[in-house]
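In what follows, every chain begins at residue 1, and chains take the letters A, B, ... in the order their sequences are listed. Reckoned from all heavy atoms, side chains included, excluding hydrogens, waters and symmetry mates. This is a predicted model, so every value here is computed, not measured.
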Amino acid sequence: MDHTPNTMPRQSWTFSNETNSEIRRAAATGIYDIRGGGAKRRVPHFDDLLFLGASMSRYPLEGYREKCETSVTLGTRFAKKPIELKIPITIAGMSFGSLSGPAKEALGRGATMAGTSTTTGDGGMTEEERGHSEKLVYQYLPSRYGMNPDDLRRADAIEIVVGQGAKPGGGGMLLGQKITERVAGMRDLPEGIDQRSACRHPDWTGPDDLEIKILELREITNWEKPIYIKVGGARPYYDVALAVKAGADVVVLDGMQGGTAATQDVFIEHVGQPTLACIRPAVQALQDLGMHRKVQLIISGGIRTGADVAKALALGADAVSVGTAALVALGDNDPKWEAEYQKLGSTTGAYDDWHEGQDPAGITTQDPDLMARLDPEIAGRKLRNYLNVLTLECQTLARACGKSHVHNLEPEDLCALTMEAAAMAQVPLAGTNWYPGKPGF
Amino acid sequence: MSITLDMAQVELREVNTTLQAAAKAQANEAYTITNTRGSHAIACGLDGPLEVTVQGSTGYYCAGMNKEAAITVTGSTGPGVAENMMSGVVTIEGDASQYAGATGHGGLLNIKGNASSRCGISMKGIDIVVHGNIGHMSAFMAQKGNLVVLGDAGDALGDSLYEARLFVRGDVKSLGADCIEKEMRPEHIELLADLLAKTGADAKPEEFKRYGSARKLYNFNIDHADEY
Ligand SMILES: Cc1cc2nc3c(=O)[nH]c(=O)nc-3n(C[C@H](O)[C@H](O)[C@H](O)COP(=O)(O)O)c2cc1C
């Protein structure tokens, strides 16, 4: 008998099983991997920050008794009719086409019950959504699918999409499987073809042009609607400064963890900055222009909990926006569909083939049978509950820091667990009074 | 009788509120805008029958998102004239800058002079007739509607074209990806005759060539990767 001990088989970190499976997939198909969702790699995030809480020098507020306000007004700069929200959490723009009609309805119902706004997306405005959303933001995208002055006027705000965190510099994609008669009709295109939404707007190129475009949109809508500009987390300081220069009432800044309906995996994972890294430069740009709190800043990309909300606000945001988490609240990636996820070659929590239109949860699909699985009333209530929990959690943290409004949270209430997070959020590493790049060290 | 709004005296905001209210009131009135001095967004967002004459030249987005109104510009227009037009007629006596009729959903855009690059970009049902030449990348990703050019077309005409129909009488410098010459069938001659008559164009339908989508890029195919 040979007793020579064997070394355990060792997997390569560089050539992991997952990496190799992608090489095999690429070799078999000749096309890049397209998927939904946001960046899956771990990047510095809100989890790497902690609140300090009140202590000898800070005075906490009594939980459940003393008031901690959560309202936010968006669009105070130029719009005649700013949007007033009860909570600083909005529903992000998700296209009809990527999502089903009932899913859009559920988002509208949930947001309205929670006292907040929802947002259209590529592909135009649906009745389901307008009808069930008390406050609806209408996206103005490069594709201009379904764009028309009537919907523009019945929107409560207009969001000009320059970019998305999942793919700064990228356009949209909706594969043929999801282009049903209704979706195709709204987009003025034939059924069943792949739709590439352009990555640049067709009739303006830079911030100087955009300023004139905004003038036109305001002239068409009687200067009533707040105009948001949405940018992906690329160069947050300059992007925000230029958005302000172009005349935005509100800037929406979406970090790299931000979800998408369908984008190349290489784009999602390798372009853009983490949400955490975007906030301070954005706030700095607003402060340098004397516009902080005058032009409101909405942060998105990986917001999941009330702690995430509170941390984003403490770093200077006026509100946050949720996409993926809202879909999960409706029932996306629910373990009850595990057997079906397995059949599709995936598993609960990992299912991201949203572009294929076979979503077992009936959310990212146009298939009538699958769509029918989502009850918009029940799903809407779940979303309301979830938004309420985010708000309660955010208030709990704000009270612990002695704040009577969640907007009173500030960077001084935070410390960081890692050097990276300390550098990005510009708050001290826990146990020190220092962060990388801090002046004077 | 035409009511005159003099932009040397009246601000853009007031010009547009006046025109928008008159269009909405369905009063079928006529307005003349003078001293435009290249202002942007003149006569945009009109929603109803109204006759507007803009005397002189304009900046960006004149007649943007027009519905039903008949707007004539006696001079030339800046970028994005009649962008996203829904219906009505917009006539330009002079030349039009970039992105004329961009994303237009309907109506008729009649350009008596030349149009610059990206004319009819992403058009979604509008009819555009250009009596002169058009610049490069025109009808890029054009989805629906008709683009008629009496003169020549620049580089990359109809790149990534969907279902819009392109008719050019003169030379086409080059065709964009997936855009090909197609047969002129009787229904196309008829359609063209109608558009030429409506726009007072001095040309015969038989003199034109038709271009459309080869539909090869409609669903991703790795063998066409070089084209994307
Ligand atoms: C299914 C889906 C569809 C989306 N569609 C759009 C869209 O049409 N326009 C847009 O600007 N962003 C779109 N987004 C991005 C969201 O607006 C938002 O930026 C992002 O979801 C925020 O990050 P989160 O998902 O981590 O919350 C989409 C996201 C998802 C998940």
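Here the straight-line distance linking atom CG of A/L215 with atom OG of B/S39 works out to 9.5 Å at 0.5 Å rounding. The distance from atom CG of A/L189 to atom NZ of B/K144, rounded to the nearest 0.5 Å, is 8.5 Å. In this structure, CZ in B/R118 is found 9.0 Å from OG1 in A/T205, a value given to the nearest 0.5 Å. Rounding to the nearest 0.5 angstrom, the gap separating the OG1 atom in B/T17 from the CH2 atom in A/W223 is 11.5 Å. We find the CD-CH2 distance between B/Q98 and A/W204 to be 13.5 Å, quoted to the nearest 0.5 Å. Remark: A/D203 CG to B/S97 OG distance equals 11.5 Å, nearest 0.5 Å.
Judged by the 6.0 Å distance and 45° axis criteria, A/K213 is positioned over the aromatic ring of B/Y61.
More than 12 heavy atoms of other residues, nucleotides or ligands shown are found within 6.0 angstrom of NZ on A/K245. Counting heavy-atom neighbours within 6.0 Å of A/K81 NZ, excluding the residue itself, gives a total of 12 or less. Enclosure of atom CZ in A/R154 by more than 12 non-hydrogen atoms of other residues, nucleotides or ligands within 6.0 angstrom is indicated. Within 6.0 Å of CD in A/E22 there are more than 12 heavy atoms belonging to other residues, nucleotides or ligands. Annotation: B/E187, atom CD; neighbour count of heavy atoms from other residues, nucleotides and ligands within 6.0 Å is above 12.
Across every non-hydrogen atom of B/Y162 and A/D194, the tightest pair is OH-O, 4.3 Å. Minimum interatomic distance between B/M86 and A/M147 (heavy atoms only, all atoms of both residues): SD-O, 4.1 Å. Contact detail for A/R196 and B/L217: the closest heavy-atom pair is NH2-O, 4.1 Å. In terms of heavy atoms, B/S122 sits closest to A/S143 at OG-O, 4.3 Å. Residue A/L217 comes nearest to B/M65 through the heavy atom pair CD2-CE, 4.3 Å, listed as atom of the first residue, atom of the second, then distance. Looking at every heavy atom in both residues, A/P190 comes nearest to B/Y218 through CG-CE2, 4.2 Å.
Ranking B/R215, B/Q20, B/M85 against chain A, the residue ahead of the rest is B/Q20, based on heavy-atom pairs under 4.5 Å. For the set A/I193, A/N222, A/D209, A/L152, the entry with the most heavy-atom pairs within less than 4.5 Å of chain B is A/I193. The residue among B/G59, B/G64, B/P79, B/A102 with the most heavy atom pairs within less than 4.5 Å of chain A is B/G64.
In the model, B/Q143 has no side-chain atom that pairs as donor or acceptor with a side-chain atom of A/D188 under 3.5 Å.
For the pair B/N84 and A/R144, the minimum side-chain heavy-atom distance is below 4.5 Å.
Residue contact with chain A, scored on non-hydrogen atoms closer than 4.5 Å, is absent for B/I42. Only the side chain of A/D150 comes within contact range of chain B, with heavy atoms under 4.5 Å apart. Of the atoms belonging to A/R153, it is side-chain heavy atoms, and not backbone ones, that fall under 4.5 Å from chain B. At a 4.5 Å heavy-atom cutoff, the contact between A/P149 and chain B is made by backbone and side-chain atoms alike. With a 4.5 Å cut-off on non-hydrogen atoms, B/N66 does not touch chain A at all. Using a 4.5 Å cut-off between heavy atoms, A/T221 makes no contact with chain B at all.
A/E219 contributes no side-chain N or O that, together with a main-chain N or O of B/H40, makes up a donor-acceptor pair within less than 3.5 Å. In terms of modelled atom types and a separation under 3.5 Å, the side chain of B/N219 and the main chain of A/G192 share a donor-acceptor contact.
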